[in-house]
> 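Provided herewith is a single structure, encoded as structure tokens, for subsequent inquiry.
A note on names: the letters A, B, ... follow the listed sequences, proteins ahead of strands, and every chain is numbered from 1.
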Protein chains: 2
Amino acid sequence: MAERAISNSIGTGESLLFLTDEQLRRGIEAMFFAYRGFTADPDRILQNYEYGRAHHRAIHFINRTPGTTVNNLLNILGVTKQSLNRVLRSLIADGLVESRVGVQDKRERHLYLTEAGSKLERELSEAQRNRMRTAFRNAGPEAVAGFRAVLEQMMDPEMQRHFQAGQEN
Amino acid sequence: MAERAISNSIGTGESLLFLTDEQLRRGIEAMFFAYRGFTADPDRILQNYEYGRAHHRAIHFINRTPGTTVNNLLNILGVTKQSLNRVLRSLIADGLVESRVGVQDKRERHLYLTEAGSKLERELSEAQRNRMRTAFRNAGPEAVAGFRAVLEQMMDPEMQRHFQAGQEN
DNA sequence: AGTTTATGTCAGCCTTGTTGACTTTCCAAG
DNA sequence: CTTGGAAAGTCAACAAGGCTGACATAAACT
């Protein structure tokens, strides 16, 4: 009764992979539950400040790529510029992010974390990394490789490019 | 410059796992980008109906465990009853979900998908499974095992229990 | 110079989360 | 058999963070 519908199966090397609907459903639920854990720690911290998950994302990617433009961030985050603007405005007003007018192209705004911004970034990412580190450690190195391989395959192609661009600056 | 801070490292069996902050950051971004892909297809479909992601989640878990109670669903979804109630009300009003008063305990409401509800559930989950299946196939069977192992470790303990409870009905 | 494109801003709306207060129904224990 | 508490549902108000539309400005391209 458990394996009622076999969606697909392939042979890879010596082992066979049966992809039943039931197994796919487990993968789906794993993503759902795990994402909740993934965001839980930063969310808790953000409540102490007056910020939300959207601010965290902006801070993360500004930290990853200092001097990035607003439009660049827009593409990575996949939200509208109006939505991002609201977040950036509060971060700039609170002195966590600095916005500098572009030199070559003065239409562009280049974004940097201030010292205070960096401090919050470290607090948030440390909490998130701690969980990730524990999960990686408990699951083992081979699991980590598989984890990343599957996640990369799950991304839309454009996000795959953003992801890969973030490796080895 | 890439490996500036080594957070941790452990030996597991014969291979060493170096968990640099940089590698953990990649894991974090992988989760972020992948989750977007994970929800993209259902989100697109839901726009044709007047529903959102919250409706999808309710439909998914009612389908997984027919006859589940509202309180049960509350614990799994991790939202307030007021928030869930709004979603359930519209699904019941539109005839996608049926709410039956409990037999033993008449305070409880047991939830079931109607035929129309099942139809939407299939449409949504097929889209999501298609993406998951392709990702699994491209990444290979060992990667799939690793993917699930890491995700399970990333969950909060209570969610781990919900996840495991959903295996092998 | 005039048009188009890129970028950024402001205003307003919608979904979905939250808290708090309250009612109704029901079970179970004193 | 009454009373306390659990389960479910409702109403109201609010916040975060998506969205669209309208618009301003700078740069680039006829």
> Name all pairs fulfilling the salt bridge (Lys or Arg N to Asp or Glu O under 4.0 Å) condition that reach into residues 145-163 of chain A, sequence neighbours left out, sorted by first residue then second.
A:Asp156-B:Arg131

> Who are the side chain to side chain contact (heavy atoms under 4.5 Å, CB included) partners of B:Ala143, not counting sequence neighbours?
A:Ala149, A:Val150, B:Ala139

> At 10 degrees resolution, what angle do the end axes of the helix from C:dA1-D:dT30 to C:dG30-D:dC1 form when each is taken over five base pairs?
10°

> Go through the structure and list residues passing side chain to side chain contact (heavy atoms under 4.5 Å, CB included) with A:Glu115, not counting sequence neighbours.
A:Ser118, A:Arg122

> Could you give all pairs that pass the salt bridge (Lys or Arg N to Asp or Glu O under 4.0 Å) test and reach residues 88-100 of chain A, with sequence neighbours left out?
A:Glu98-A:Arg100

> Can you give me every donor-acceptor pair (side chain of residues 53-62 of chain B, partner residue at least two apart or in another chain, under 3.5 Å) with its distance?
{"unit_1": "B:Arg53", "atom_1": "NE", "unit_2": "B:Asp43", "atom_2": "OD1", "d": "3.3"}
{"unit_1": "B:Arg53", "atom_1": "NE", "unit_2": "B:Asp43", "atom_2": "OD2", "d": "3.3"}
{"unit_1": "B:Arg53", "atom_1": "NH2", "unit_2": "B:Thr39", "atom_2": "OG1", "d": "3.4"}
{"unit_1": "B:Arg53", "atom_1": "NH2", "unit_2": "B:Asp43", "atom_2": "OD2", "d": "2.6"}
{"unit_1": "B:His55", "atom_1": "ND1", "unit_2": "B:Gly52", "atom_2": "N", "d": "3.0"}
{"unit_1": "B:His55", "atom_1": "NE2", "unit_2": "B:Ser90", "atom_2": "OG", "d": "3.2"}
{"unit_1": "B:His60", "atom_1": "NE2", "unit_2": "A:Glu29", "atom_2": "OE2", "d": "2.8"}

> Nearest-Å distance, CG (A:Asp43) to C1' (D:dG17)?
13 Å

> For A:Asn71, check side chain to side chain contact (heavy atoms under 4.5 Å, CB included) against everything at least two apart and list the hits.
A:Thr69, A:Leu74

> Answer yes or no: is there a donor N or O on one side and an acceptor on the other, between the side chain of B:Thr134 and the main chain of B:Asn130, under 3.5 Å?
yes

> What does nucleotides 6-19 of chain C look like as a protein-contact string, B for base, S for sugar-phosphate only, - for none, at under 4.0 angstrom between heavy atoms?
BBBBBB----BBBB

> Expressed as a whole number of angstroms, how long is the span from B:Asn75:CG to D:dA6:P?
14 Å

> Got a sec, which pairs hit side-chain hydrogen bond (donor to acceptor under 3.5 Å, both in side chains) with one end in residues 73-82 of chain B, sequence neighbours left out?
none

